[in-house]
Number of protein chains: 2
Amino acid sequence: MAHFFVSQGRDDLPRWREAFSDARMCSAQQARAQAAYGDHVWVMSNIEGWTTLATTLSSRGAILVVLSYTPTSQEAFQALNAGARGYAHALSPAMLLQQIVVVTENQGIWLWPELLTQVVGSTFKALGGENALREDVLALLTGREKAVALAVASGKSNKEVARILDITDRTVKAHLGAVFRKLKVRDRMQLVLMLSQSESSLMDAD
Amino acid sequence: MAHFFVSQGRDDLPRWREAFSDARMCSAQQARAQAAYGDHVWVMSNIEGWTTLATTLSSRGAILVVLSYTPTSQEAFQALNAGARGYAHALSPAMLLQQIVVVTENQGIWLWPELLTQVVGSTFKALGGENALREDVLALLTGREKAVALAVASGKSNKEVARILDITDRTVKAHLGAVFRKLKVRDRMQLVLMLSQSESSLMDAD
DNA sequence: AGAAACATTGTACCGATGGACATGGCAACA
DNA sequence: TGTTGCCATGTCCATCGGTACAATGTTTCT
């Protein structure tokens, strides 16, 4: 099975050659044209439109691994969504690249270890396994705190929440403080990221 | 490396022996006592308290694979959260078990194939529509605005974004103001609600 | 050459936010 | 009858966030 490396610069080719003697470097167009079922395609996440390329190639049956100079759970999530079977650091040594191939060839998924737990979490969030987790965290809150948390998570300001729940904006802050402490988040942004994608209503409101 | 099978009945032992001649069947207690770093531990999801067992063993460095007679995405989620590296059907043939070992030994994750297609397939379908819309709105932004918007949408503060992009926090505000105007949102909360459905990011953490 | 878009930074203002500390009412429970 | 937990509210204060107005430099296109 062939190995295609889709990248911009050519700095990395030597290391890839070291890992796979038959490694070929190519553009996105070439990969699109030549990569076939069972081939390994390594795509750098800093090239333009890597997600669409990943999607088309993986749906064709190519084994796709995304490489990133700055791995993040978000990007890993995106890579998996695009059908990638692996996500690793762009500077991974040759031995690691070979190991990744062993895994992916055997129907496995390979993730940058530092991100593993996070990605597993957020990926399954998208499937609905999230609900259990979300209900769990909400279970830590009292009724009023839950109401405030959900309202805030839908984009409302403290004042708006106060008006909706018919309490003072100061009280909203008090509940919110408790929510932050219990859920271990530092501000409303983190809260929204933790509770979003559910029935949290509309963000236009008034 | 040893193979421990934690199960109730002994019906499955023959198949496991076929896959791994050194397979040992044992109770949860025995596994807890004997399994060491690098050992494979196969846990049936129908035994009492399998999640806690999985957590302790995997944190000890054992390679954990959860087997289930009725695989579901929820249970897979639980298993992976408990530190399992694999999740498969309890009746998987010997060859498949060996394949799983190849994957997990190489730091990979192995998921029940039917589940995997869900991850790659249905998630994509679910996010496909939103994704197109999201790409559309992002297309309205300049490169720098996009970077700022995505960083902010991932929960970063202005100061953090400034540090990451190596610009002043004032400049971040400037770009962010443009983003708000172009996307017609009134603050970062609305932005996160607009972009958090399908993540994407090029930025790194601290 | 000049316009237009982009990126960067500045000052200044003001509202929103979050934490610390304190008070009071109300219910359940030992 | 205390104690405990939840709800509501208050003041004070440091910081963050968003906007308005202004300026400088770089591309890019006309």
Side-chain angles (χ1 to χ4, degrees), chain A residues 8 46 48 70 135-196 200-201 203-206, chain B residues 135-196 201-206:
Chain A
Q8 289 182 322
N46 59 2
E48 202 66 28
T70 57
E135 296 305 323
D136 279 352
V137 294
L138 285 182
L140 294 174
L141 307 179
T142 69
R144 221 49 175 159
E145 288 165 355
K146 213 179 301 183
V148 171
L150 288 175
V152 166
S154 75
K156 307 260 192 304
S157 72
N158 287 348
K159 233 184 273 280
E160 287 172 320
V161 177
R163 196 162 35 73
I164 292 170
L165 298 183
D166 195 32
I167 52 180
T168 314
D169 112 289
R170 183 56 197 85
T171 308
V172 173
K173 286 165 101 179
H175 288 308
L176 208 43
V179 171
F180 293 157
R181 244 180 301 113
K182 289 183 176 177
L183 301 191
K184 295 191 215 304
V185 293
R186 71 159 183 265
D187 55 29
R188 60 211 295 118
M189 288 295 288
Q190 310 275 322
L191 185 66
V192 104
L193 289 173
M194 177 177 262
L195 297 181
S196 66
S200 38
S201 74
M203 53 189 224
D204 30 320
D206 1 22
Chain B
E135 296 303 328
D136 279 351
V137 293
L138 283 183
L140 295 174
L141 307 180
T142 69
R144 222 50 175 153
E145 289 164 355
K146 214 181 299 184
V148 171
L150 290 174
V152 166
S154 75
K156 306 256 192 306
S157 73
N158 287 347
K159 232 186 274 279
E160 287 172 319
V161 177
R163 197 160 36 73
I164 292 169
L165 298 183
D166 195 33
I167 51 179
T168 314
D169 110 292
R170 182 55 196 84
T171 310
V172 172
K173 283 175 151 191
H175 288 308
L176 208 44
V179 170
F180 293 156
R181 243 180 301 113
K182 288 183 177 177
L183 301 191
K184 297 192 214 302
V185 293
R186 69 160 183 266
D187 55 29
R188 61 210 295 115
M189 292 293 288
Q190 310 274 319
L191 184 65
V192 93
L193 289 172
M194 177 176 261
L195 298 181
S196 70
S201 161
L202 289 175
M203 28 234 55
D204 197 4
D206 336 67

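Lettering of chains follows the sequences in order, A, B, ..., and the numbering in each one begins at 1. What you are looking at is a predicted structure, and each value in this text was computed from that prediction instead of being measured.
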note = Between CD of B/E160 and P of D/dC16 the distance, given in whole Å, is 10 Å
task = Find which nucleotide of DNA chain D each of B/R188 and A/R170 is nearest to by heavy atoms, and output the residue with the more 5' nucleotide.
result = A/R170
note = Minimal heavy-atom distance between B/V161 and B/K156, with the atoms involved, is CG2-CB, 3.7 Å
task = Can you measure from NZ (A/K159) to NZ (A/K173) and round to the nearest 0.5 angstrom?
result = 9.0 Å
ask   = So which of residues 171-182 of chain B are in contact with DNA chain D, with a heavy-atom cut-off of under 4.0 Å?
value = B/K173, B/L176, B/F180
request  = May I have the distance from B/R186 (atom CZ) to D/dG18 (atom P), rounded to whole angstrom?
outcome  = 11 Å
inquiry  = Any base atoms under 4.0 Å from A/R144, or only sugar-phosphate, or nothing? Heavy atoms, all strands.
reply    = sugar-phosphate
key: side-chain hydrogen bond (donor to acceptor under 3.5 Å, both in side chains): pairs with one or both residues in residues 183-195 of chain A, sequence neighbours excluded   = A/N158-A/R188, A/R186-B/E160
Side chain to side chain contact (heavy atoms under 4.5 Å, CB included) between B/V179 and B/V152, intermediate numbers included = CA-CA 11 Å; B/V179 170; B/V152 166; over 6 Å; no
message = Let me check the geometry of the helix from C/dA1-D/dT30 to C/dA30-D/dT1. What is the bend angle between the axes at its two ends, five pairs each, to 10°?
response = 30°
request  = Return no unless some side-chain N or O of A/T142 is found under 4.0 Å from OP1 or OP2 of D/dG5.
outcome  = no
message = I need the CG-P distance between A/L141 and D/dG5, as an integer number of Å.
response = 16 Å
inquiry  = Students should find this one: the first and last nucleotides of DNA chain C, 5' to 3', lying under 4.0 Å from a heavy atom of chain A. What are they?
reply    = C/dA16 to C/dC21
key: Whole-Å gap separating P (D/dC6) and CD (A/E145)   = 7 Å
Could you go through nucleotides 28-30 of chain D and list every protein N or O atom that sits under 3.5 Å from one of its N or O atoms, giving the distance for each pair?
none

ask   = Under the side chain to side chain contact (heavy atoms under 4.5 Å, CB included) test, which residues partner B/K182, sequence neighbours left out?
value = B/L141, B/T142, B/E145
Nearest-nucleotide 5' precedence on DNA chain C, B/D187 against B/I167 = B/I167
Just list the side-chain donor-acceptor pairs under 3.5 Å for residues 164-172 of chain A, sequence neighbours left out, or say none.
none

task = Rounded to the nearest angstrom, tell me the gap between atom CG in A/D169 and atom C1' in D/dT11.
result = 13 Å
task = Please figure out whether B/G143 or A/V185 has its closest DNA chain C nucleotide nearer the 5' end.
result = B/G143
